[in-house]
Structures are given as C-alpha cells and as structure tokens.
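Quick notes on the structure that follows.
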Protein chains: 2
Amino acid sequence: MINSPAAISCSNCSVRRLCLPAGLAQKDIDRLENITRRKKLIKAGETLYRSGDPFQNLYAIRSGSLKTVVIAADGDTQVTHFALPGELLGLDAYSSRIHPSYAEALEDSSVCLLPFGHLEILAQQVPALQQQIYSLFSEELRQENEILMLLGKRSADTRLAALLINISSRYARRGYSPREFVLSMPRTDIANYLGLTAETVSRLFSRFQREGLIKVSGRTIEILDLLALSDLAGTHCGYEGEQ
Amino acid sequence: MINSPAAISCSNCSVRRLCLPAGLAQKDIDRLENITRRKKLIKAGETLYRSGDPFQNLYAIRSGSLKTVVIAADGDTQVTHFALPGELLGLDAYSSRIHPSYAEALEDSSVCLLPFGHLEILAQQVPALQQQIYSLFSEELRQENEILMLLGKRSADTRLAALLINISSRYARRGYSPREFVLSMPRTDIANYLGLTAETVSRLFSRFQREGLIKVSGRTIEILDLLALSDLAGTHCGYEGEQ
DNA sequence: CGTACCGTTGACTTTGATCAATGTAAGTGG
DNA sequence: CCACTTACATTGATCAAAGTCAACGGTACG
C-alpha cells in the first residue's frame, strides 16, 4: 500500500468523471483527495476484501478489473459484478458493517481506499459529494434490476449477448475500443455471473462465431456485427445505461 | 392525498423502527415528520408511480403491500420486489431522476410521501438520518445480491421455499404470525419474481402440500414444517436478514 | 517436458416451459 | 337469487433448452 504522489490524485485520474469526483468543484476534489491518498495494488487472483471482513473502506478502481462474489451458506457462489475502473466497491457492506461478498482481482489492479467514516463526514459538508454517493448507490440498484431481468427472463444466448454488449459499451465509455477487447475473466466466471454453465457459455461463443457475430480467440473478443449482437441482447444491452 | 393528523405521524407508526426514523433522536424525528406529512392511499391494482415518471419522492409504506416491476424495451416485465410496511420505494430513481420501474399496490395500501429534495437537505444536517439512508440503500443492494443467487443458481422448489421463508420472516418481524399468512399477490407475480411460470409455481404449491410442508388454501398459506421448508430454502431463506 | 488449468465438443439427461383443458371463486346484471 | 362473466388457479401431456458427465485439446508455467 502506498501514499500516492500528486501524480496519481483524483485530479488527473483517467476515470475521475465516472468516479466519486464527478460533478465536484475543484476545491471539493482537493478535500476528497485528502482522504483518498491511500492506494493498493492487488495481483490477479488476490482478494481486495473477503466475505465477513469488517467494513472500513469503499474501494474505487483505478485500473484493472475485479469480480464481486457472494457465498451462500452451502458454499455455492454467485458472481454479482464485473467491476471496471471508476467503479466503487463495498457499498453493500454499509448496513451490516460486514462485507457480505468478496472482491477478487481478475488481473493486476490498482484501487483507491476510501475510509468511509471520513467520506461520510465530508459528504455531510459537501452536498455535491453526498449527491454523488446517492447517485452511485441508486445507479447500482438500477443495474441490479436489469440483471434480475436477465437472469429471470432471458435465454442463454440473450444473456451472453447482453454481457458482451455491456462490456463493450463500458470499455467504449473508458476510451477503449467497443469492437475488440480482452475479457479478463475465465469462462467459469462468465457462466456463474449469467446463471449458466461454462459448457453452455463455450458453446455459445462457438455459435456466435459460426454465425459471424463475433471472432473469439481465447479471451480476446472481436465484435463483427455489433448491431446483430445488440439485437440479440434485446435492448437489455445497456444495463449500465452507457450504450 | 391527505395531510395527516398527529395520530399518523412517524412517532406512533407501527413500523417506525424499520423505516427512516430508526435510530433517530426524538427531536430529529420531529423534524423528519415536518417533511413527511403527506400520505397517499392507493387501492389494489393502482400504481404509486409509473416507469418514466419524474423522481420527486421516496415512498414509505405504512400499510398494505406493493410490487415493483421493471419493463424491458420489448415489453417484458420482471417483478423485482414485494414491499411490506416500513420499506422504502423509489431509491433506484435517484441517479436518473426518472423512475426506472413502476410500483403497484397488491392490496389497498397507505404510503408516506417523502420529498427527496427536502429529505436530502435534512440528511445534510442530521447525520443519523444520513446514515439511515445509506443503510437502507446498502441493505437493498445486499438483498438484491441474494436474489441474484436465487435466480442464478437455485432450482424452482428452492426458489419458492426461499420466498415463503422470506415472507414468513418479514411478517414475523412486523408482529404477525410467521406460520400463517395471506399472500397478497397472484401466482403470476410470484412466478415472475422467481423467474418461473405460474404453472410451475402452482405445481410446487401442490407438491409442498402433498409433502406436508405447507397447507395451501388459495392465497392463504399455513407453514406446517418450518424447519423442512427452511432446509429446502437452503439458508438462502433470510434474504432480508431477518430470520 | 510434464503438470495443471482452462476451454471445447459430444452424448445423454433433466428441469421447467409450453400448450391445452378444466376448475373455482368473486363480482355483475337480469 | 341465479346465470354469466372474468380473472385466477390447477393439472396433464409434450417439448425444448440448458445441465451433466465425459473425453479431449490447447496453453502457460514451473
């Protein structure tokens, strides 16, 4: 864990407009930076926090990607989110003061630690920050509702198409190509997230490729027919509202 | 819509300890009451708000029950929540300023209107209220994660058992019998919520009855073997964390 | 170079959806 | 009060989608 030099403060973070500082005046960003100095680097496969850990911080992703996973009493797991830079992790721990899920890095990643006690006090003084926190909470609720629809009502191919379109649009929003990207998670995680098996996901990748929708090469995906894929996803695609 | 007499203020509301006033000092409850005077009565089948409506208020349920439903672009719907007294509706509308879902009364119900603008300002001044709002947001996220697990990983019988246990425990928390209750929603809504069909739900009710787990009489459910039913639900039962 | 993990593909099985018919209770108007 | 309507619920027969089990191929890493 390191104390950041000015070089990696919010002000020049590439995802600041997606993250907590969004909508804040410069003087308020300065105050926010005072409590977000601490960073953490985590390697692929390491956990950022575990289920059952006491809630101390929120975590803002600077780079890399993570999955969040809930564990049932019988040991069964459910991947609930694939998180990209600019997104906040840990909000679900507030009420119980215990993390109900764990977060694991899918690749080497860097996160900012946000001590929630400090953030809460600052939010009390800075209405725009307060509003941004509400907004991130609310947006996450809205997204989960869309995923609920996906799991409750959609066929396997629609689910996978929706995930691809979702990831594509989120990369686009971060300045990367929406047409070609590398999935940072294994097939098993995709399957778990979508409520399917790895075999079904694998078969669907093959089928999508056969049908000319995408080109698959291991975890590298090239979208050949974005329109048709979006179509297959319904308009259930933009479940981050970012198409 | 009526202005409440003192008789139906938060202070003597039967669900105040589950609702926004939880954890607030009396003087702060008094201030909260100043902005929560307006009530609304809605009849079974009427909507509290519709998808697309501008976000003005949160709604706290005083009595009755409602469902919240998201509508996909193709018209397909997903029931996302069955809401009981003390619960807050509308949090998911904050970030977009538009309700992404609609809320419909399952029986004649009464709700408190909470103008969010006012609530936000008050929360800025009353840390305990701020914390309670975070808490309700966070708790809702946690619950949605459990439902995700239910829809992603569980069989039809486990899903229905989990719903019954969940409703039972929520009634218990509100001072009603956990062993016998009337479901306020039709089978189709239960099926939609659980990602099943009404036929499957109906068959499961019959099977549970045949197996001596419950007694079904229309929408009246008597739980005969709470232990076995909880067992079937896994411990995925208490997804409101209230068992 | 071999081990371990991940991904793909095939054969078969199972779960729950679909289609269709019938049953039941509540409300409506004659 | 009773036929009639309507909405909700149940049950059965059939079907399809996705799961399971199993074998095999590729790639990365020690």
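All values below come from the heavy atoms of this structure, side chains included, with hydrogens, waters and symmetry mates left out. Each chain gets a letter, A, B and so on, in the order the sequences are listed, and its residues count up from 1.
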- prompt: Checking all strands, does B:Gly195 fall into the base, sugar-phosphate, or nothing category for heavy-atom contacts under 4.0 angstrom?
  reply: sugar-phosphate

Are A:Thr200 and D:dG19 close enough that a side-chain N or O sits under 4.0 Å from OP1 or OP2? yes

Atom CZ of B:Phe205 and atom C1' of C:dT24 are separated, to the nearest Å, by 17 Å

| said: Please determine whether salt bridge (charged side-chain N to carboxylate O under 4.0 Å, His left out) holds for the pair B:Arg203 and B:Glu199, giving the CA-CA distance in whole Å, both sets of side-chain angles, and the decisive distance to 0.1 Å. | reply: CA-CA 6 Å; B:Arg203 278 184 250 271; B:Glu199 290 94 328; 5.7 Å; no

Separation of C:dG10 atom P from A:Leu204 atom CG, nearest Å, is 14 Å

Per atom distances to the A:Leu196 side chain, the nearest of D:dA18, C:dG16, D:dT11 is D:dA18

Under 4.0 Å between a side-chain N/O of A:Thr197 and OP1 or OP2 of D:dG19, yes or no? yes

Exercise. Report the relative orientation of the aromatic rings in B:Tyr171 and B:Tyr176; use parallel for angles under 30°, tilted for 30 to 60°, perpendicular for over 60°.
Key: perpendicular

Quiz item: Counting only distance, no hydrogens or angles, is the base of C:dG7 paired donor-acceptor with the side chain of A:Arg219 under 3.5 Å?
Solution: no

Go through the N and O atoms of the side chain of A:Arg203 and the base of C:dG10, and report whether any donor-acceptor pair is under 3.5 Å.
-> yes

Whole-Å distance, A:Asp189 CG to C:dG7 C1', equals 14 Å

Indicate the ring-plane relationship of B:His99 and B:Tyr49, choosing parallel, tilted or perpendicular according to the 30° and 60° boundaries. parallel

Whole-Å distance, A:Arg159 CZ to D:dA17 C1', equals 11 Å

Assign each of A:Ser155 and A:Glu199 the nucleotide of DNA chain D bearing its closest heavy atom; nearer the 5' end lies the nucleotide of A:Ser155

In whole angstroms, the gap separating C1' of C:dG16 from CZ of B:Arg154 amounts to 17 Å

B:Arg207 CZ to D:dG12 C1', in whole Å, measures 17 Å

Between CG of B:Asp157 and P of C:dA17 the distance, given in whole Å, is 12 Å

Test for a donor-acceptor pair under 3.5 Å between the base of C:dT24 and the side chain of B:Arg187, counting only N and O atoms. no

Testing D:dG19, C:dC6, C:dT9 for proximity to the side chain of A:Pro186, the answer is C:dC6

Pair A:Leu150-A:Leu194, side-chain contact (heavy atoms from CB on, under 4.5 Å): steps then yes or no
CA-CA 8 Å; A:Leu150 208 61; A:Leu194 295 176; 4.3 Å; yes

note: B:Leu160, atom CG; C:dG16, atom P; distance rounded to Å ~ 12 Å

- Message: Heavy-atom count check: over 12 atoms from other residues, nucleotides or ligands less than 6.0 Å from B:Arg207 CZ?
- Response: yes

